[in-house]
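To keep things clear, I will list the structure first and then write my remarks on it.
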Amino acid sequence: MRALSAAARLALFRLRGPSLVLPVVVAALAVIGIATLERAEAPGRAADYTLFGVVFGWTLPLLAYVMTGRVLGSGRLDHALVPVSRAGGNRRAAAAGLLGVTGASVALASALLAVVGVLVARGRLDADSIRDALLSASIAALGGATYVAWFGLGSLFGRSGGGRAACLIVDWILGTGHTFAAVAWPRAHLVSLIGGEPVLGFSSPESAMALYLLAAAYLGLTLVRLPR
Amino acid sequence: MTLVQLRGGPGPDRFDVSLPGGIHAIVGARDPWATEIVEALAGLCRPRWLEVRIDGRHPYREPELRRSIGSLLPREEPGEAPTVGASMYPLFGLRGAARSPTDALADFGLGAWVGRRTSSLSPLERRSVALAVALSLPAPSLLALHEPLVAGLERGQVVAALSRHAARGVPVVVVLSSGGDAVELGAQRWGLTEGRIFPAEGLPSVEVACFRIEADDARALAGALSSEAGVTHVAWDAARLPGHLSVQGTDPPTVALAVLRSAHRAGLGIRSIVRERPPRAEPRGPS
């Protein structure tokens, strides 16, 4: 437990500062800008287009990628844990603490982006908009946390954790489909949850469950692959 | 007594080295593989070319073992908390240390640094903190240190601390660039070239410049010499040889100049300077 809490503190320390606020602000501005344009173009479908495009398509995975990179110091996960492992901390517990705090932070930022996207695209603050925003926020939070687990696993590959970039590319390429090839990547299930084509005919609860299972599997593989 | 084993080598020439308790100086700190050797000893990485075992156990895989390894890296990263103390407390907790970070730093006159901002520490000061932490371990299974004599702490204190640990049977592995430092530590010497560790027979012999000085006030001159960087050892025996000093260093002109500069600064007269044969250093090990 000491390694877990020490690593959680590390993550919180690394997530502070303007270099982290900047990507969140840039992402929020991008979402606001695109949502405003979508509302001007097609007011009836603006929220859908905003969520499919700028929120879940670009900013959510990129923000998760940037924030994970910030916490891991743009290197491998095991290198990022050196302050804790050097003092005798178990790397697996430390990784759980580090990725847990990062996942929670990204989930929060992603939920915020989804809320902003929906409300700006709809352009009004009624019960429907709020319900839609909250539902989108919950999906974005789950997606953000899943991406962090995915990028955490990727950070164990490559001399400088270059597997993380490969994970982003794989998700972008394979996750855009809805066949068997898409089932193992977060993007496909997120698209399905916000009203896109279902993956292998999964219902929404099944896709949500798939995301939970994927996050658990990514995290589990990460912990198994890390030495104690 | 703990036994450290290092096996491997990045090239075709393999080595198999066993290091029992005592001070072992691996001379070759500028070798490109030196950092990786220290990191592997501390259990921070597992290079494919090097296998490290401490009493048959792998430090990379065993957190319990890493807890008792003190290390000093060539480049220490800034502590990841607002203040030096705040960055050290959780890590001391992980080690189950009985002493506080304040006590550990105070041993080396750095107690006031606990409240300093981590971002205000220079790279040398970060190494000072890391070395103070490593030397404060109560019962280390290994000390793996890169250039501990130039980490910003007082040399005499560092030498004394390393000797104390070595006398208790702890393997103290120091990676140095100066063979003279190895002699000063009374260490078992090893060479390091292109990642290959080899016994000291392959190393050029280290010259220790030793001078006997006859001065008006030997005590005052000894005090003045203590701040000279090129001087590694000053001995003064008031009972047997009053008015005489024995001064050592690795570079003869530097030592001689240091003596003259110190005498001039302190306004002391020097009657004679005689070059002597240096005493033979015995490898320091457990008593």
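Order of the sequence lines sets the chain letters (A, B, ...), proteins ahead of strands, with each chain counted from 1.
Between T68(A) and R164(A), the side chains place no donor N or O within less than 3.5 Å of an acceptor N or O (distance only, hydrogens not considered).
Of the atoms belonging to Y60(B), heavy atoms from both backbone and side chain fall under 4.5 Å from chain A.
Side-chain contact between F56(A) and V191(A) is absent, with no heavy atoms from C-beta onward closer than 4.5 Å. Contact check for L190(A) versus I194(A): no side-chain heavy atoms found under the 4.5 Å cut-off. The shortest distance between side-chain heavy atoms of L41(B) and L6(B) falls below 4.5 Å. Under the 4.5 Å side-chain criterion, counting only non-hydrogen atoms from C-beta, V129(B) is not in contact with F108(B). Inter-residue side-chain proximity for S163(B) and I23(B) is flagged as met; some heavy-atom pair is nearer than 4.5 Å.
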Given R86(A) and S71(B), is the side-chain hydrogen bond (donor to acceptor under 3.5 Å, both in side chains) satisfied, shown in steps? CA-CA 8 Å; R86(A) 186 177 182 182; S71(B) 59; 2.9 Å; yes
In sequence, state the C-alpha distance, the side-chain angles, and the governing distance for R228(A) and E64(B), and then conclude on salt bridge (charged side-chain N to carboxylate O under 4.0 Å, His left out). CA-CA 10 Å; R228(A) 288 175 65 236; E64(B) 301 80 12; 2.7 Å; yes
Could you go step by step and tell me if V82(A) and E39(B) meet the side-chain contact (heavy atoms from CB on, under 4.5 Å) rule? CA-CA 10 Å; V82(A) 159; E39(B) 288 180 349; over 6 Å; no
Audit row: I173(A), W185(A), side-chain contact (heavy atoms from CB on, under 4.5 Å) steps and yes/no: CA-CA 10 Å; I173(A) 294 172; W185(A) 325 114; over 6 Å; no
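Within the 3.5 Å criterion, the main-chain N or O of A151(B) finds a donor-acceptor partner in the side chain of S128(B).
Of all residues in residues 73-86 of chain B, those placing a non-hydrogen atom less than 4.5 angstrom from a non-hydrogen atom of chain A are L73(B), E76(B), G79(B), E80(B), A81(B), P82(B). Scanning residues 90-116 of chain A against chain B with a 4.5 Å non-hydrogen threshold yields N90(A), R91(A), sorted by number. Interface with chain A: from residues 42-56 of chain B, residues G43(B), L44(B) qualify, criterion being any non-hydrogen pair under 4.5 Å.
H189(A) and A210(A) get closest at one heavy-atom pair: CE1-CB, 3.6 Å.
Every residue two or more places apart in sequence or in another chain that forms a salt bridge (Lys or Arg N to Asp or Glu O under 4.0 Å) with E62(B) is listed here: R57(B).
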